[in-house]
Novice: 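Let me give you the structure first, and then I'll get to my questions.
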Amino acid sequence: MSASALPAHREFLGHPLGLYVCFLTEMWERFSFYGMKALLFLYLTKYHLFNDSDGYVLLGTYAGLAYALPLLGGMIADRWLGMRKAVLFGGALLVLGQLGMAYTGNAATGSVGAAVRDGFAIQVMYLSLALIAVGVGFLKPNISTIVGRLYADNDPRRDSGFTIFYMGINIGAALSSLIVAYIGENFGWGYGFALAGVMMAAGLVQFMWGQKHLMGQAEPPNPGALQTKVGGLPLEYSIYLWGILTTLVVWVILQTKIDFGPLTALAGGHEVTLTEVVAVVMGIGLAVWFLRFLFSGIGPAERGRMIVLMVLIAISALFWGIYEQSYGTWVAFAERGMDRSTFGIEWTAGQTTSFGAIYVILFSPIFAWLWPRLDKLGLNPSLSAKFGWGLIFCGLGTGLLGFAAQNPGADGLVSLWWMVAAYAILVLGEMVLSPIGLSAVTTLSVPRVVGMMMGAWFLASAFGEMVAGRFGTWAAIEPRADGSFDTAAAMAVYADVFLRLMWIGVAAGVVMLLLTPWMKRASGGAR
Ligand code: GLN
């Protein structure tokens, strides 16, 4: 598409107005997503008295589904619905889901091992999580695609447009972890979740108002086809109905565990969740498609680049598996083993998740400046080297917390500053892997399947979330009957698990660095 193919439009600060519409929509979507995520583990274990393992696994499977469904949401928008309508529908599901979380019912009574829970409230929660997962599936991939479509193919502002957009994601995440977590933990879980829902609604209203600035770039590919009747219902409404039915299916999937011998044995004696099975099936489907695509008459250079891209995508799953500890075991560690008061403020455990997003905001301009500089000097690391360093930093950040857990202060607790430092290292890893990976998808993929590969990228995040849930179970600890924890014993567990994860990250990163010459050759030497 050439620049002249885009209709006349208004600009603000050198970018199309539509960019800011997408920025604000995704900012409020991530505000609600991450605010809720910061609270979820604590809410499950402290309010509904889930045991740690179940808490970690649900956090992982729910977030996993939220990252797996964009594969479908992106495809539906590409083929039929168009991005704008998909965002509106996804946004509506998200508002319902986030507000649904605000219904908390009664707190569980008894102890973790023998809790009496409010079954109705828990069902409302599962349904709300399903609405959010499907909502993300419709909204997240499509709001990002719209950003790309606001720029002509050769528009040099595209990268900075995406950088601004990624900042929006992290401004939303930082604000919500500070505000939603604070309100949820101090005034009542329901108030925190409700705030997430209200701000998502504000984001949706903003999108409805601003959609006129999308320059018609997010419309259905064939509007007439959407009106054709399928079983008496226009296709458009059938899609919405399908989305709602999917939500009901996800509601069931989220809470179903499979006790099937061979699978359980594969999972090291743990029950397997249906979510994990669904994700594995999607992964196998993707692998079959990918292998067929490799031998569908594409040239050797293209094949090499696609293989390199798939290796990078697979590696990113391990990265997210370690990185996402920040919403699980790190929150548990902050809650149970950390002195969180500093500057005269007692920070909540959920609030510590804001550090990551704050670092992304701080580091983004530095990295945006650094890459072209390194490039000029011929020192820009190759893609796979960046991924290697991403894993190493991710491991080292986690390892630093492990070191802190080994060396608590006189009160048996660890200072909040360890967390501040650990996040800095972790986010260095994120900066050399996450935005770089998104850009690699668009440069290494054969153009006609770039949407599919973007879905694959997010599916890897989905696996990462689930792996994170499983890693989390290593750090599961039982509270005493009164709900308190043996701090010294907990510290020993966290130290052990964080150091184990460090070695996994560092070892995988080193292997990646060793593979770099091969990866460079396979991708044609360019990256
Ligand atoms: N933090 C980024 C976002 O929320 C990337 C997350 C991911 O790909 N796992 O968009």
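Whatever order the structure lists ligands and atoms in, that order sets their numbers, starting from 1.
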Novice: Give me the pairs of N or O atoms, one from ligand 1 and one from the protein, that sit under 3.5 Å apart.
Specialist:
unit_1	atom_1	unit_2	atom_2	d
ligand 1	1 (N)	Tyr34	OH	3.1
ligand 1	4 (O)	Arg30	NH1	2.9
ligand 1	4 (O)	Tyr34	OH	2.6
ligand 1	8 (O)	Ser461	OG	3.1
ligand 1	9 (N)	Ser461	OG	3.0
ligand 1	10 (O)	Lys140	NZ	2.6

Novice: Anything under 3.5 Å between a donor and an acceptor, one on a side chain of residues 424-431, the other on a protein residue two or more places apart or in another chain? List them.
Specialist:
unit_1	atom_1	unit_2	atom_2	d
Glu430	OE1	Tyr323	OH	2.6
Glu430	OE2	Tyr166	OH	3.1

Novice: Who pairs with Leu42 by side chain to side chain contact (heavy atoms under 4.5 Å, CB included), at least two apart in sequence or on another chain?
Specialist: Lys46, Glu185, Trp189, Val331, Glu335, Ala349
Novice: Does Arg149 use its side chain to pair, donor to acceptor, with the backbone of Gln217 at less than 3.5 Å?
Specialist: yes
Novice: Output yes when Glu29 and Lys140 qualify as a salt bridge under the 4.0 Å nitrogen-oxygen rule, no when they do not.
Specialist: no
Novice: How would you list, by chain and number, every residue that makes a side-chain hydrogen bond (donor to acceptor under 3.5 Å, both in side chains) with Glu11, sequence neighbours excluded?
Specialist: His9, Arg157
Novice: Got Val57 and Tyr62 here, is their nearest side-chain heavy-atom distance under 4.5 Å?
Specialist: no
